[in-house]
Amino acid sequence: MREYLLTLCVTAAVTYLLTGPVRKFAIATGAMPEIRARDVHREPTPRLGGIAMFGGLCAGLLVADHLQNLSSVFELSNEPRALLSGAAVIWLIGVLDDKFEIDALIKLGGQFIAAGVMVAQGLTILWLPVPGIGQVSVTAWQGNLLTVALVVITINAVNFVDGLDGLAAGMVCIASTAFFMYAYRIWYGYGIEEAAPATLFAAILMGMCVGFLPHNMHPARIFMGDSGSMLIGLVLAAGAISVTGQVDPDAMKLFAGASTREVTHAMLPVFIPLLLPLTIIAIPVADLLLAIVRRTWQGKSPFAADRGHLHHRLLEIGHSHSRAVLIMYFWSALIAFGAVAYSVHSASMWIVLGIVVLSAVGLVLLLLPRFTPRAPRWAESFIPPRYRRSTRAFADGGGTDEAGETVEEPQERTPLPAGVNGATAIGPRSRFPERRKAGTPR
């Protein structure tokens, strides 16, 4: 566990430290497109954040290769090299798209090529656990097709959900954390070495997202772009393929001397590798399917961008940017960690009841977009300013100050246009024109 944590920390540190220089590079090279109709942000923001994330991926794999225990992963398996090769291909396609806006079909072809590169080096599905039947071996062609399909679907699901500041990185970080817990339990708890690559991939993916999130939270100073969203989607898919199609559930020895009921409960960890990847990307895949149906129904291309995604709908019903992101985080964590917890203690009804209660809480949050806690006057000095009555009065269009005098609504300021010295310059961000000091001439 110490070596996994060291790998995670190194990956996060390298990603975090590289993001600042990458932001300056993106501004200098003009990788800062104009605001589109479907965009939520109001200022042109540089992309190419995937360059820093790819640097973190390379650093994590390099450090793991020189650690005492994790070095055996590179000796016994070719999966880390397969991941690095596929990641390099998809990252290059993403960088070109962030800079030159390449065609959607070309990107789709690049995704197939990246998946094919990983398959050619051995990262593929060998068998599938099927409920009611057990372990089913698949032919080489079947395994390759399933692998490519899973990689392409996961990449596009993560890419589709990347619409708000910090949304994709946070959701993938939550998913990879849950996946790490499951894969580590299979590797350490059952002594199955085939689960070690998936555990390593999940740790590195967590580090990539943790290192990038401080720069990407609202208001974002840089976007990961397609070079980042497609990259983390590929890494997430690689871990799911590794633990799903190459870990033999029979090696867990779950059915020795067990009754029929015990076998039924013990079968869940066998089937969870098939279900967990689906639960991890459940929300992005649901958003992907809804987008395809919506655009096809309207007579548009499935790849035509619009403002109908789940996070856009949360904003339309009244949620703030930060609250919409937190709601998406909540549902991702509930689905991913709920699946992991149920796989560990499938016989416990408390877990089911907890998931039901938390789901009800999530529904309440969705139905109360404008809910703001009210604090009594005597407690205003102990709470954040945004929850104080005087602060809320400004947000509602005016009010009274502490002395009881009427306060007018502050006039809206016009944002500065983006440019070398504008709001997206290398220096400090500013949404409004510079205020002149008192007593100085204009």
Side-chain angles (χ1 to χ4, degrees), residues 77-94 103-161 172 175 179 182-183 186 194-195 197-198 201-202 205 226 229-250 270-282 284-293 296 301-303:
S77 174
N78 197 44
E79 294 182 9
R81 299 175 185 87
L83 170 66
L84 184 59
S85 302
V89 174
I90 202 68
W91 170 76
L92 181 60
I93 296 295
D103 187 72
L105 292 179
I106 297 179
K107 284 196 298 182
L108 184 62
Q111 296 168 8
F112 278 103
I113 293 175
V117 168
M118 293 196 301
V119 168
Q121 299 189 53
L123 185 56
T124 183
I125 295 175
L126 301 178
W127 48 66
L128 290 173
V130 179
I133 299 177
Q135 200 72 5
V136 176
S137 298
V138 296
T139 63
W141 279 105
Q142 290 173 342
N144 294 342
L145 290 177
L146 287 174
T147 301
V148 172
L150 182 58
V151 171
V152 173
I153 291 174
T154 307
I155 288 175
N156 285 282
V158 176
N159 191 22
F160 272 46
V161 83
V172 172
F179 196 82
Y182 174 79
I186 298 298
E194 289 80 1
F201 297 165
L205 184 56
D226 283 359
S229 61
M230 293 196 299
L231 176 63
I232 60 178
L234 181 136
V235 177
L236 180 62
I241 291 168
S242 178
V243 77
T244 302
Q246 305 205 14
V247 174
D248 187 2
D250 293 336
V270 178
F271 298 136
I272 204 66
L274 184 65
L275 302 176
L276 189 59
L278 301 179
T279 60
I280 286 176
I281 61 173
V285 168
D287 194 13
L288 172 64
L289 296 177
L290 290 175
I292 293 175
V293 173
T296 305
S301 169
F303 301 100

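Keep in mind that this is a model prediction, so the values were computed, not measured.
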- Mind checking the CE-CG spacing from Met230 to Leu234? Nearest 0.5 Å is all I need.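 Output value for this atom pair is 9.5 Å.
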
Which pair of heavy atoms, one from [X] and one from [Y], lies closest together, and at what distance?
X	Y	answer
Ile186	Ala195	CG2-CB, 3.8 Å
Phe179	Ala202	CD2-CB, 4.1 Å
Asn159	Ser229	OD1-OG, 3.0 Å
Ser77	Pro197	OG-CG, 4.1 Å
Ala240	Leu150	CB-CD2, 4.5 Å
Phe201	Val235	O-CG1, 4.0 Å

- salt bridge (Lys or Arg N to Asp or Glu O under 4.0 Å): which pairs involve residues 141-156, sequence neighbours left out? none

Which atom pairs, one a donor and one an acceptor, fall under 3.5 Å between side chains of residues 84-93 and the rest of the protein, sequence neighbours left out?
unit_1: Ser85; atom_1: OG; unit_2: Arg81; atom_2: O; d: 2.9
unit_1: Ser85; atom_1: OG; unit_2: Gln121; atom_2: NE2; d: 2.9
unit_1: Trp91; atom_1: NE1; unit_2: Gly50; atom_2: O; d: 3.3

Per-pair distances, 0.1 Å, donor-acceptor, side chain in residues 108-120, under 3.5 Å, sequence neighbours excluded:
unit_1: Gln111; atom_1: OE1; unit_2: Asn156; atom_2: ND2; d: 2.8

- Message: Checking the side chain of Thr147 only, and the main-chain atoms of Ile125 only, is there a donor and an acceptor separated by less than 3.5 Å?
- Response: yes

- Of Val151, Ile155, Leu205, Leu231, the one forming a side-chain contact (heavy atoms from CB on, under 4.5 Å) with Leu236 is Leu205

- Residue list, side-chain contact (heavy atoms from CB on, under 4.5 Å) with Ile106, at least two apart or on another chain: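 For Ile106 the side-chain contact (heavy atoms from CB on, under 4.5 Å) partners, ignoring immediate neighbours, are Ile102, Asp103.
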
